[in-house]
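As structure tokens, the structure follows; a few thoughts come after it.
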Amino acid sequence: MSINTALAYRSFGPPDVVLHLQDEDLSPLPRHLARVRMLFAPINPSDLIPITGAYRHRTRLPCTAGYEGVGVVTAAPVSAKHLLGRRVLPLRGCGTWQRYLDCDPDLLIPVPDDVPDDIAARAYINPMAAQILLKTWPVRGKTVLLTGAGSVCANLLADWSFREGADSVSGVYRNPVHIDRLNTLGVQPLSEDALDGIKSTAGRADIVFDALGGPIASLILASLRPGVPFVGYGLLSGMPVTPVGEGGRLERFHLRDTLVGLSPLEWRQRFDELWPKLDERIMGPSRRFDLLDWRDALAFVRESGRRQKPVLVFS
Ligand SMILES: NC(=O)c1ccc[n+]([C@@H]2O[C@H](COP(=O)([O-])OP(=O)(O)OC[C@H]3O[C@@H](n4cnc5c(N)ncnc54)[C@H](OP(=O)(O)O)[C@@H]3O)[C@@H](O)[C@H]2O)c1
């Protein structure tokens, strides 16, 4: 009997406190499911936030962590035999931070041969969020303001905003190490400390995509012209957005909400659209950590100014 190793949690709390490696015998594969041996899975803020209990109303414990990654199909029902040996994204099932995952074969996303493992592993959370954000709030001809501008998601939003005809994009960063890259992307960099600059830029913005929350997000929201959409999609600061008086229109985005009622065909079509847009130069490099070194990977996530995305390797 083979062993499955998973990074799991039994209670909510700081990820480095509540996560633990757990070995279990691999149970026989139910006939209707496919089994995927994981290769790589990134550690995103989006993976860590639910572990803290932020979404406790929809997270059932105990839980295996991780929302994305790439693996290889090692067993499949007859109806999905064509997937055997293929690289796939095993999403929308249980957590991806484990060596083996059993999934509904209809929801597996085959990875095109020309997409490297490193990009495939990170193809879902941030790229899909950026794609849907820009479809839901189109930016053609608009002045765009982003926060958390050092992040991969903000970089994708910036690059794709220009492709979709945005007039200009400004990005609020924390660590100045990100300035050069923002300039390369054509983004006007704005320091988190330059509150007057943030306020005046917000006063000219037609749309805001906010990953921060907290006082800076609240300042931006209050500085927007009435009715300008302020789309909150992240809380990197760990604090909520507080609307004060007049200002923009607060809207929220959760990728998970966009999956409700999506058919397997529509789900695959989203990736058909996404694959050709994925660009290593925008998504940046990764740094690999063996699953057993997960604590080092978590410490690396917390490093300000990092450019690499930590990725767990299931060797
Ligand atoms: N709602 C959704 O469905 C959805 C989907 C995808 C992503 N997201 C959100 O998008 C955001 C970015 O995710 P990602 O994977 O792209 O991140 P990432 O590439 O791992 O980058 C994280 C960045 O966050 C910045 N940061 C961390 N704490 C901060 C703080 N307190 N104040 C200011 N900046 C801080 C760091 O900037 P410095 O290097 O400058 O310190 C770092 O560059 C997250 O909030 C995530 O939850 C949401």
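First listed ligand is number 1; within each ligand, the first listed atom is number 1.
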Donor-acceptor contacts, no H, no angles, side chain residues 304-315, under 3.5 Å, sequence neighbours left out:
unit_1, atom_1, unit_2, atom_2, d
Ser304, OG, Asn175, ND2, 3.1
Arg306, NE, Phe300, O, 3.4
Arg306, NE, Val301, O, 3.1
Arg306, NH1, Gln308, O, 3.2
Arg306, NH2, Val301, O, 3.3
Arg307, NH2, Arg281, O, 3.3
Gln308, OE1, Arg287, NE, 3.3
Gln308, OE1, Arg287, NH2, 3.2
Lys309, NZ, Asn44, OD1, 2.9
Ser315, OG, Asp290, OD2, 2.7

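By the 4.5 Å heavy-atom criterion applied to side chains, Tyr55 and His254 are counted as neighbours.
Identified under the salt bridge (charged side-chain N to carboxylate O under 4.0 Å, His left out) test for residues 108-123, with sequence neighbours left out: Arg87-Asp117, Asp118-Arg122.
The only option from Tyr67, Trp267, Trp275 that meets the ring-ring contact (aromatic ring centres under 6.0 Å, His included) definition with Tyr124 turns out to be Trp267.
Looking only at atom types and distance, the side chain of Arg204 has no donor-acceptor partner in the side chain of Ser170 under 3.5 Å away.
At a 4.0 Å heavy-atom cut-off, the residues surrounding ligand 1 are Asn44, Pro45, Ser46, Ile49, Ile125, Asn126, Ala129, Gly150, Ser151, Val152, Cys153, Arg174, Asn175, His178, Glu192, Ala211, Leu212, Tyr233, Gly234, Leu235, Leu236, Ser237, Phe253, His254, Leu255, Ser304, Gly305, Arg306, Lys309, listed by chain and number.
Taking the side chain to side chain contact (heavy atoms under 4.5 Å, CB included) definition, one finds that Cys103 meets it with Val36, Pro90, Leu101, Leu108, sequence neighbours left out.
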